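Reviewing the structure listed below.
All residue numbers refer to positions in the sequence shown, counting from 1. Here the structure is a predicted model, which is why all the values come from computation and not from measurement.
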Amino acid sequence: LLEGSRRGSIVSIFALGLLVLLFFLETKAFFETKLTTDLALDRTQEDRIRVKFNITMMDLRCEYATIDVISVLGKEQNVTKNVNRWTVDAKGVQRRFVHRNLLQHDIEQKVKETIEDLHKDGQDAIPLDPTTLEFARNEQDFLFVDFYASWCSHCRDLAPTWETLAEIMTDAAIQRMGHPGDYTPEEFESAKMVHLPVLIAKVDCVQHHKLCSEQQITGYPTLRLFANGDHFGDYYGHRTILAMTQYLSLAERAYSEDGDAMIHAEEIAKRRLNISEEERLWAEALEQTRHKSLKDWKAEDHPGCQLSGILWLNRVPGNFCIQARSPTHDLAPHMTNVSHVVHELSFSDGMRRVPPALPQEFGETITPMDGNVYVTYDLHEAYHHHLRLVSTNLMSYQVLQSSQLSLYKPDRVPEAKFILDLSPIRVTYRNVQRKWYDYVTSLMAIIGGTFTVVGMFESAMGAMSRRRQHRARY
């Protein structure tokens, strides 16, 4: 009896604790709301769409920048007088460029090969240890080292870009050497190292922990440049081929009498990543500003214009475009550059109201182009943005966006065009809470289920105890 009472007390306490826990969880779930979406045909009665925009034209004077609105019926309207315009010099363009959306994916220029693909023909980024690092610092005028850890996700993301940068330096060295047939295999490898603009290397801090501690590496990856054996500085810029080649070019000009070695590397990077000459100049000016280079950047050669305001468009398919036009000048089409930065572009029926219960992804679908940069590479081309607007019950439109580079005839002036199309589907967001009778039913089920399960458990334990006692007697 004593054993049974003890077992029963333990089972009862366990059952009571389980009931309290399940009651708490069920009550908590009852007071929570769940966001759901419904799809239906769009029956919106609004006849106009409110467009809020803030766009910087990176190489277009304000006196030439105009905005036209064209509906599907062919009606064209110039709305430039209702738009705020501010002249932006080259430094302003640089600041807007550096604050661009680094997660832009629609036209992002990045290394597409994997590190495995790049290693098929060997490694161009040289692995170093304590001995070879010291040797490389003494032998190379410029040494750019990636101190990384194999477990670091940012290091793994950087690896293809770093290997590509090393390949570009190798190609630049071969280009400076002349014909490879003039060398024996041994002489070719030796001459290639001599002609390298910058030796790209890497150190695994997991394998060489002491070396990284001596270098005072506190974060991964750390990109460190050595010039003439001395520590030139750590690189904190954007981890792109263009930005890093510009950084290395400035270092070469500061420390080396032979200032043309990086020219070959820049040209190879430009061809490989399809980078325009103008974008290269912008990146160079940005690096000069960051590292306080003395080379002048002539603002008058690259004026910009920031356009902002609100447009009210008819709720029909159409487009609005930014182009160069002047009532007193005939513009040369081949000199028109409509590269632009989209700081803000949103569509609504009125004032935007986003309830706090909505997920973060909803805000991203309202303004998918914010912070994106669209730079044209060649003459007679411009970006056209196709925007499909999906109506919601929150007075804001969700935007499905795609951008394409369009070519123009030589006699036509390029224009940055935003083409609008309306979806026939409307998305309704609503918060749903459980019904009270579902809550009561669940509580009853918890109470009954708990007593049933605990009773079955206690019966099984009692049967096992009686069987054990029976065997002990006989």
Side-chain angles (χ1 to χ4, degrees), residues 34-56 67-77 79-80 82-84 100-101 103-107 306-322 340-374 382-404 406 415-432:
K34 181 180 178 181
L35 182 67
T36 61
T37 58
D38 299 319
L39 301 180
L41 288 177
D42 186 10
R43 302 181 183 276
T44 304
Q45 301 298 320
E46 297 289 339
D47 58 354
R48 292 201 298 172
I49 298 176
R50 179 179 181 267
V51 183
K52 185 178 181 181
F53 67 94
N54 185 358
I55 300 172
T56 294
I67 299 182
D68 290 342
V69 175
I70 304 174
S71 69
V72 70
L73 302 177
K75 183 179 179 181
E76 183 174 348
Q77 181 182 6
V79 295
T80 308
N82 301 323
V83 174
N84 297 317
R100 66 192 185 277
N101 177 19
L103 300 179
Q104 180 178 351
H105 297 297
D106 50 356
I107 60 166
Q306 183 172 353
L307 307 169
S308 69
I310 295 176
L311 302 177
W312 287 95
L313 309 181
N314 292 328
R315 201 172 182 275
V316 295
N319 67 77
F320 68 94
C321 58
I322 304 174
H340 54 281
V341 183
V342 180
H343 306 293
E344 180 182 4
L345 182 63
S346 61
F347 304 85
S348 64
D349 292 331
M351 298 301 293
R352 187 194 307 176
R353 297 182 299 179
V354 180
L358 287 173
Q360 181 181 1
E361 293 78 9
F362 180 81
E364 296 173 356
T365 61
I366 293 177
T367 56
M369 298 182 67
D370 285 12
N372 288 0
V373 178
Y374 300 93
Y383 275 100
H384 289 184
H385 310 286
H386 299 265
L387 310 174
R388 190 169 183 84
L389 307 183
V390 182
S391 176
T392 70
N393 62 321
L394 302 174
M395 303 183 72
S396 295
Y397 287 87
Q398 291 182 287
V399 182
L400 304 178
Q401 173 258 341
S402 64
S403 300
Q404 297 177 349
S406 299
E415 57 188 10
K417 183 177 292 186
F418 299 81
I419 304 170
L420 309 181
D421 188 20
L422 296 172
S423 172
I425 302 299
R426 178 181 176 86
V427 180
T428 301
Y429 291 87
R430 58 190 179 91
N431 292 319
V432 178

Heavy-atom distance under 4.5 Å between the side chains of Q398 and V427, does that happen here? yes
Reported NZ-to-NE2 distance for the pair K417 and H384, which is rounded to 0.5 angstrom: 5.0 Å
Would you say I55 and F418 make side-chain contact, with heavy atoms under 4.5 Å? yes
Rounded to the nearest 0.5 Å, how far does CG of D370 lie from OG of S346? 7.5 Å
Decide, yes or no, whether a salt bridge links D421 with R388 under the criterion of side-chain N to carboxylate O below 4.0 Å. yes
If every non-hydrogen atom of A382 is compared with every non-hydrogen atom of E415, which pair is closest and at what distance? CB-O, 3.3 Å
How close do N54 and S308 get, heavy atom to heavy atom, and via which atoms? OD1-CB, 3.9 Å
Measure the shortest side-chain to side-chain distance between W312 and R50 over non-hydrogen atoms and say whether it is less than 4.5 angstrom. yes
So Y429 and T37, do their side chains get closer than 4.5 Å, heavy atoms only? yes
Within the structure provided, determine whether M369 and F53 are in side-chain contact (heavy-atom separation under 4.5 Å). no
Between F347 and Y397, does the ring centre distance come in under 6.0 Å? no
Does some side-chain heavy atom of N431 sit less than 4.5 Å from a side-chain heavy atom of K34? no
Return the OG to CG distance between S396 and L389, rounded to the nearest 0.5 Å. 11.5 Å
Looking at R426 and T392, would you say the former's side chain and the latter's main chain have a donor-acceptor pair under 3.5 Å? yes
I need the minimum non-hydrogen distance between D42 and S423, along with the two atoms involved. OD2-O, 4.2 Å
Which of I70, I419, L311, D68 passes side chain to side chain contact (heavy atoms under 4.5 Å, CB included) with F320? It is L311
Spatial distance of atom CD1 (I67) from atom CG (L307) [nearest 0.5 Å]: 5.0 Å
From T365 OG1 over to Q401 CD, what is the distance, rounded to the nearest 0.5 angstrom? 12.5 Å
L422 vs I49 side-chain heavy atoms within contact, under 4.5 Å: yes
Can you name the nearest heavy-atom pair linking T367 to L345, along with the distance? CG2-O, 3.8 Å
Rounded to the nearest 0.5 Å, what's the gap from CG on L400 to CG on L387? Could you check? 9.5 Å
